[in-house]
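Reading through the structure tokens given below for one structure.
Heads up: numbering here begins at 1 and tracks the sequence. Predicted, not measured: the structure shown is a model, and the values here were computed from it.
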Amino acid sequence: MFRTVLAAAAFLGSSLAQAASPWAGDLAPIAPSDWNRARAAHLLERAGFSGTPEEIDALAQLTPVEAVRRLVYFEGVPATELPPFEHSGVFEEGLDQFPPSRPATTDLARTKGEALGVKVKPGGNRRMQPVVNKFFYWLRASKLETDRVAYWWADRMLVSPRPLEEKMALFWHGHFATNEEKVRDYRKMLNQLELFQREGLGNFRTLLIGVAQDPAMLSFLDAAVNVKGAPNENFAREIMELFTMGVGNYSERDIREAARAFTGWNFEGVTFRVDQSKHDDGTKEVLGHSGNYDGIQVIDIILEQPATPQFLAAKLYRFFVRDDLDPALKAELGKRLKAGNYEIAPFLETLFLSRDFYAPESVATRIKSPVELVVSTYRKLGLTAVPGVPDFNETTTALGQRLMHPPTVAGWAQGRSWITPGLLLERGNFALDVALPDINYIPGDRYPASQGGYEIRFVHERVRSGLDLTSATKPGGPDGGMEMMAMSTMSGDRDEDFNTRFGSYRGWQMAVERVKPIPRTVAQLDLTGMVLEAGCDTPEEVVAYMEGRFLSVPLDATTRRNLATFLEKELGTRDMKATSTYAEDSLRLLLHLLLSRPEYQLG
């Protein structure tokens with residue numbers, strides 16, 4: 001198995017290195033005479049999340065200009081309204097401002113007599129236990145609701161008639177990376193995602209200002225401590241280094257001066273606010289300019305820097321076209337983006353129409369990210385909803401990309417970082433879970449299994465066995481080395497203000513009570529009907545059909561023959577029509593083999 005993984009990794013590496021072609025680097029538009037079904041499939045793969053044979057056929061019947069404008073500007077796309085996110089109603093007044101830690105919460109409760117909208121009990125046992133419970137409740141509820149946001153987004157990726165809208169949101173989510181574990185408010189994460197969906201194909205200046213004033217970003221990059229006299233440099237550094245210009249195009253002084261322009265920018269709940277009393281209104285010197293600048297004026301100065309359009313154009317190019325980017329082409333792309341006033345849609349139209357986009361160096365040479373892999377698999381299968389088994393969030397996490405949880409402010413590394421021997425095995429496991437779902441799956445959103453999940457379960461088991469609260473919440477294994485005590489009381493705990501482990505336990509209970517569950521459906525596959533409807537009469541025709549439907553890279557003749565032999569052996573006959581009543585399991589095994597192939601990782 002290990003040799004197989006290494007061979008697959010070598011295949012991916014060699015597949016990404018191709019000889020130069022006449023179209024490479026050529027931004028001239030592709031001619032209608034050069035348009036065909038394979039290029040339509042490539043366009044839909046990159047500008048969306050692939051599609052069914054019917055969707056590809058429909059795109060292939062258009063001219064290149066019509067096909068690109070349908071994807072970029074949605075011309076001819078039905079005006080379909082996708083359902084908004086359905087909130088569980090977990091947020092309560094009093095949870096803002098949410099303290100940074102449990103100790104900060106209990107300190108606030110002692111000082112103010114209440115915290116998180118919960119009053120401290122005037123007397124009795126564990127006076128601050130309800131406050132602590134509420135702290136852990138919101139940690140858990142926000143996390144679970146964020147998982148539901150990710151599912152809602154994945155469903156949009158799958159069924160949207162405007163897939164580029166969601167693909168661009170995915171790009172911006174990795175570019176302007178924020179993480180729920182620090183933001184700790186699903187509402188802010190959702191609002192930021194909706195900003196990406198709404199403005200992602202529009203003007204970059206509008207989007208950049210929106211992100212700079214977005215509560216999720218302000219929270220993630222510590223806006224609350226960016227005040228006059230003590231500016232915090234986090235946002236000013238990231239806007240130059242990661243969002244606009246790149247390393248080497250600014251000085252440390254530029255960062256310090258720019259940070260002063262953003263002082264006083266903060267939020268109240270989910271609304272942007274400027275506290276003028278905390279804003280530094282003095283003269284700043286930023287990137288060779290001097291003036292009494294605020295944040296928006298600094299953004300405008302950054303957008304005028306020669307490095308900015310090249311940096312952004314290069315990142316868009318590498319996401320949609322290929323990693324290898326010639327310096328001359330990078331300069332030309334930056335020039336065009338700047339000349340177009342940073343309008344994203346026309347820039348992408350140029351890319352998607354260019355010969356370079358359809359050059360051999362660009363086609364089927366990009367390793368699909370985990371989210372792209374999972375969503376495109378479901379889209380190629382013709383599903384209309386993301387299954388609950390396997391769990392979307394757990395699957396993409398195992399593959400290295402969890403929505404709403406990028407690993408750093410720099411987002412995900414992309415490219416070959418998606419493929420290691422371990423991750424390639426996980427991709428095969430995903431294919432298996434699609435073809436043969438795990439009926440023993442226990443959903444993590446209902447039954448916590450990580451970050452102390454085992455302790456939460458043990459607390460429940462101990463309480464049910466009759467242990468008192470102190471004994472039930474001691475750390476340890478299933479029995480914790482404790483003596484089991486029946487019908488105990490909590491009399492020994494009356495002098496304690498709270499029990500943190502019990503708060504964590506109750507927080508999960510309270511969150512699960514209120515957060516709507518993710519439907520745990522499995523994919524309704526009918527591979528037998530799929531191949532018979534396609535007119536497949538022999539194992540060879542089945543393999544050829546499934547290869548064409550799922551792979552962007554053709555199989556070699558030996559692999560194709562081996563897969564057909566495998567299917568024939570499984571079925572016991574070459575007559576596909578004779579297997580209509582029992583072929584499904586064999587076809588699912590074939591699907592697993594096909595989707596586990598290294599060729600399937602490229603798109």
Side-chain angles (χ1 to χ4, degrees), residues 15-77 161-165 167-168 171 201 309-310 313-341 343-366 368 376 379-380 547-549 551-554 602-603:
S15 296
L16 294 174
Q18 300 186 33
S21 71
W23 281 11
D26 187 352
L27 295 180
I30 183 175
S33 58
D34 291 319
W35 186 246
N36 56 38
R37 190 181 187 280
R39 287 175 175 141
H42 172 65
L43 174 62
L44 193 55
E45 181 90 36
R46 295 292 179 84
F49 299 91
S50 192
T52 63
E54 295 76 18
E55 290 170 329
I56 295 171
D57 288 340
L59 208 61
Q61 291 171 8
L62 304 175
T63 67
V65 171
E66 291 170 339
V68 169
R69 293 190 69 85
R70 175 168 291 191
L71 285 167
V72 175
Y73 301 106
F74 320 130
E75 292 182 359
V77 175
R162 306 182 297 272
L164 183 57
E165 202 169 60
K167 195 70 169 280
M168 278 307 304
F171 170 82
L201 281 164
Q310 287 195 32
K315 193 160 185 180
L316 287 164
Y317 182 91
R318 292 189 174 102
F319 184 82
F320 285 103
V321 186
R322 63 177 185 270
D323 285 337
D324 183 31
L325 177 57
D326 180 82
L329 181 57
K330 177 181 177 180
E332 176 61 24
L333 291 170
K335 179 181 177 181
R336 295 196 182 198
L337 182 62
K338 183 64 167 61
N341 195 33
E343 291 290 338
I344 301 301
F347 179 78
L348 293 182
E349 182 182 18
T350 297
L351 287 186
F352 296 153
L353 278 174
S354 71
R355 289 178 172 180
D356 180 65
F357 182 74
Y358 300 97
E361 290 87 348
S362 304
V363 176
T365 57
R366 185 174 177 273
K368 287 180 276 192
S376 67
R379 193 146 187 162
K380 289 175 181 180
E547 175 187 2
R549 180 164 186 144
L551 299 185
S552 299
V553 179
L602 297 171

Quick one, [X] and [Y] - any side-chain contact, counting heavy atoms below 4.5 Å?
X: Leu44; Y: Arg39; answer: no
X: Leu551; Y: Leu602; answer: no
X: Val321; Y: Tyr358; answer: no
X: Trp23; Y: Asp356; answer: no
X: Thr350; Y: Arg336; answer: yes
X: Leu27; Y: Leu329; answer: yes
X: Ser354; Y: Pro29; answer: no

- [ ] Would you tell me whether Ser21 and Glu361 have side-chain atoms, one donor and one acceptor, within less than 3.5 Å of each other?
- [x]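 The criterion, which ignores hydrogens and geometry beyond distance, is satisfied for Glu361 and Ser21.
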TODO: Tell me yes or no: between the side chains of Ser50 and Arg379, is some donor less than 3.5 Å from an acceptor?
DONE: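 Ser50 vs Arg379: no donor-acceptor pair found between side chains.
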Task: Phe320 ring center near Phe357 ring center (under 6.0 Å) - done: no
Task: Gap separating the CD1 atom of Ile56 from the CD atom of Gln61, nearest 0.5 angstrom - done: 12.5 Å
- [ ] To the nearest 0.5 Å, tell me how far Glu45 CD sits from Ser376 OG.
- [x]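 Nearest 0.5 Å value for the CD-OG distance: 5.5 Å.
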Task: Counterpart residues, side chain to side chain contact (heavy atoms under 4.5 Å, CB included), relative to Asn341 (two or more places apart) - done: Asn203
Task: Axial cation check for Tyr317 ring with Lys330, 6.0 Å and 45° limits - done: no
- [ ] Using the six-membered ring of Phe352, assess whether NZ or CZ of Arg69 lies under 6.0 Å from its centre and within 45 degrees of the ring axis.
- [x] no
